[in-house]
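Each remark here refers to the structure printed beneath this line.
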Amino acid sequence: MTRVAAVGGTAVQDHVALAEIELCGELIIAASAARERLSLESIDEVLRVSEERNRDSAP
């Protein structure tokens, strides 16, 4: 569920939803620039999966 709160006539968006939209955009750009299908490793790189895993496993 996306939460939107009215603030002075403008809407404040859910930061998680905006981050997901940004990642989808980056994935679309990478896919359109690729000559072939993106490998799973390439998709993980675009989505910064290893960075997230490293951050989650850090003490």
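These numbers were taken from a predicted model, which means no experiment stands behind them. Just so it is clear, the values below take in all heavy atoms, side chains as well, and ignore hydrogens, waters and symmetry mates.
- Checked against side chain to side chain contact (heavy atoms under 4.5 Å, CB included), I29 has no partners two or more places apart in sequence or in another chain.
- L27 forms part of a hydrophobic cluster together with L23, L38, I43, V46, L47, V49, judged by ILVMFWY side-chain heavy-atom separations under 4.5 Å.
- With sequence neighbours excluded, no residue forms a side chain to side chain contact (heavy atoms under 4.5 Å, CB included) with S50.
- Among pairs with a residue in residues 18-40, those fulfilling salt bridge (Lys or Arg N to Asp or Glu O under 4.0 Å) read E26-R48, at least two apart in sequence or across chains.
- Applying the side chain to side chain contact (heavy atoms under 4.5 Å, CB included) rule to S39 yields the partners E41, S42; only residues at least two apart in sequence or on another chain are considered.
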